[in-house]
Amino acid sequence: MALEVTLFAVFIAALITALTTGLGALPLALSKNVGQKWLSAGAAIAAGLMLAASHTLIEEGMAKQEWLTLAGIATGLILVYLAYQGIERQNAPDIGELNDADAKKMLMIVGVMTAHSFAEGIGVGVSYGGGQDLGLLITATIAIHNIPEGLAIALILVPRGMSVLRAAGWSIFSSLPQPLVAVPAYMFVNTFQSILPFGLGLAAGAMIWMVFAELLPDANKELQPATIGVIVVFAFLSMMIFQISI
Ligand SMILES: [Zn+2]
């Protein structure tokens with residue numbers, strides 16, 4: 001019986017990490033008129049947040065197994081590039097408020113963030129294998145780091161005309177792999193522990209590609225390169241401060 005309770009606890013903990021992602025969209029409810037300039041500024045902020053998240057993923061992976069992490073980064077790049085080529089060739093999905101180009105961009109961003117949640121779901125499950133205390137610590141860390149990631153997603157979607165509530169929904173969606181993967185990762189902790197560095201690297205490789213291929217071109221539309229640099233570094237710093245202060 002004790003095992004069932006724990007599995008349920010792992011699931012609930014990881015579910016909470018998914019829900020906190022939606023909180024990240026809420027600041028955008030405050031400013032209703034998000035114009036072109038916000039589209040660029042939002043992209044620059046999202047770029048800094050995602051670079052910092054990638055840094056943390058790589059740092060964690062490297063501490064466990066260096067070569068597996070690097071192999072993960074290379075694989076992440078290949079997969080995200082192939083996914084991008086695939087999406088470009090398709091007709092755009094019909095996402096009510098968004099035009100075709102924006103719908104494709106949304107698909108890439110939500111897709112990459114959802115894929116990176118798989119690695120974090122493994123992280124939650126595996127950490128519970130190290131005991132309840134470690135599990136709770138990692139869960140809390142991931143839950144809090146999901147908030148700026150939700151913000152990063154909303155910063156891309158809301159300036160393109162999506163409602164804040166729907167953007168929050170997509171942010172939560174991007175984190176749903178966390179509760180789904182955490183449970184098997186906890187049950188088969190040894191197997192998942194060995195592939196975790198690969199997953200962390202894979203997530204980071206895909207996210208770094210996205211920063212340069214999808215976010216910086218948006219930032220460049222309305223902002224000077226020097227200004228973008230300032231915003232990116234500030235966003236990076238904020239994310240790191242956020243992570244060490246919890
Ligand atoms: Zn993350």
Side-chain angles (χ1 to χ4, degrees), residues 13-27 42-43 45-64 69 72-73 75-77 79-80 108-128 135-157 167-182 185 192 195-212 214-215 232 235-246:
L15 187 63
I16 290 168
T17 70
L19 293 177
T20 57
T21 319
L23 293 178
L26 296 185
I45 297 169
L49 297 176
M50 287 189 190
L51 277 182
S54 305
H55 167 78
T56 306
L57 292 169
I58 292 172
E59 198 180 24
E60 278 174 27
M62 294 294 267
K64 296 183 203 315
T69 308
I73 295 174
T75 310
L77 172 63
L79 290 180
V80 76
M108 276 311 292
I109 284 158
V110 172
V112 165
M113 296 310 285
T114 306
H116 115 279
S117 294
F118 276 96
E120 290 175 351
I122 296 176
V124 170
V126 165
S127 66
Y128 269 91
L136 283 176
L137 179 73
I138 299 293
T139 303
T141 311
I142 290 181
I144 289 172
H145 120 147
N146 278 347
I147 298 172
E149 286 180 358
L151 174 66
I153 293 172
L155 281 170
I156 308 302
L157 301 182
W170 281 111
S171 294
I172 293 171
F173 173 88
S174 77
S175 286
L176 284 183
Q178 286 170 7
L180 298 180
V181 175
F192 278 93
I195 62 164
L196 181 59
F198 184 79
L200 294 169
L202 190 146
M207 282 169 75
I208 295 170
W209 176 88
M210 193 174 72
V211 165
F212 291 93
E214 296 279 350
L215 302 182
V232 169
F236 188 100
L237 267 175
S238 313
M239 178 74 136
M240 297 312 280
I241 291 169
F242 197 64
Q243 287 189 2
I244 57 174
S245 52
I246 55 159

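Just follow the structure's listing: the first ligand is 1, and inside any ligand the first atom is 1.
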Separation between CG of L202 and CZ of F198, rounded to the nearest 0.5 Å: 5.5 Å
Distance, nearest 0.5 Å, that separates NE2 of H145 from OG1 of T20: 9.0 Å
L155, I147, L151 screened by side-chain contact (heavy atoms from CB on, under 4.5 Å) with P27, the one that passes: L151
Point-to-point distance, once rounded to the nearest 0.5 Å, from CD of E60 to OG1 of T69: 10.0 Å
Gap between atom CE of M113 and atom CG of N146 - 0.5 Å precision: 8.0 Å
Contacts of the Zn ion (ligand 1) with protein N/O/S atoms, counting only those under 2.8 Å: H116 NE2, E120 OE2, H145 NE2, E149 OE1, E149 OE2
Straight-line distance of H55 NE2 to I208 CD1, nearest 0.5 Å: 10.5 Å
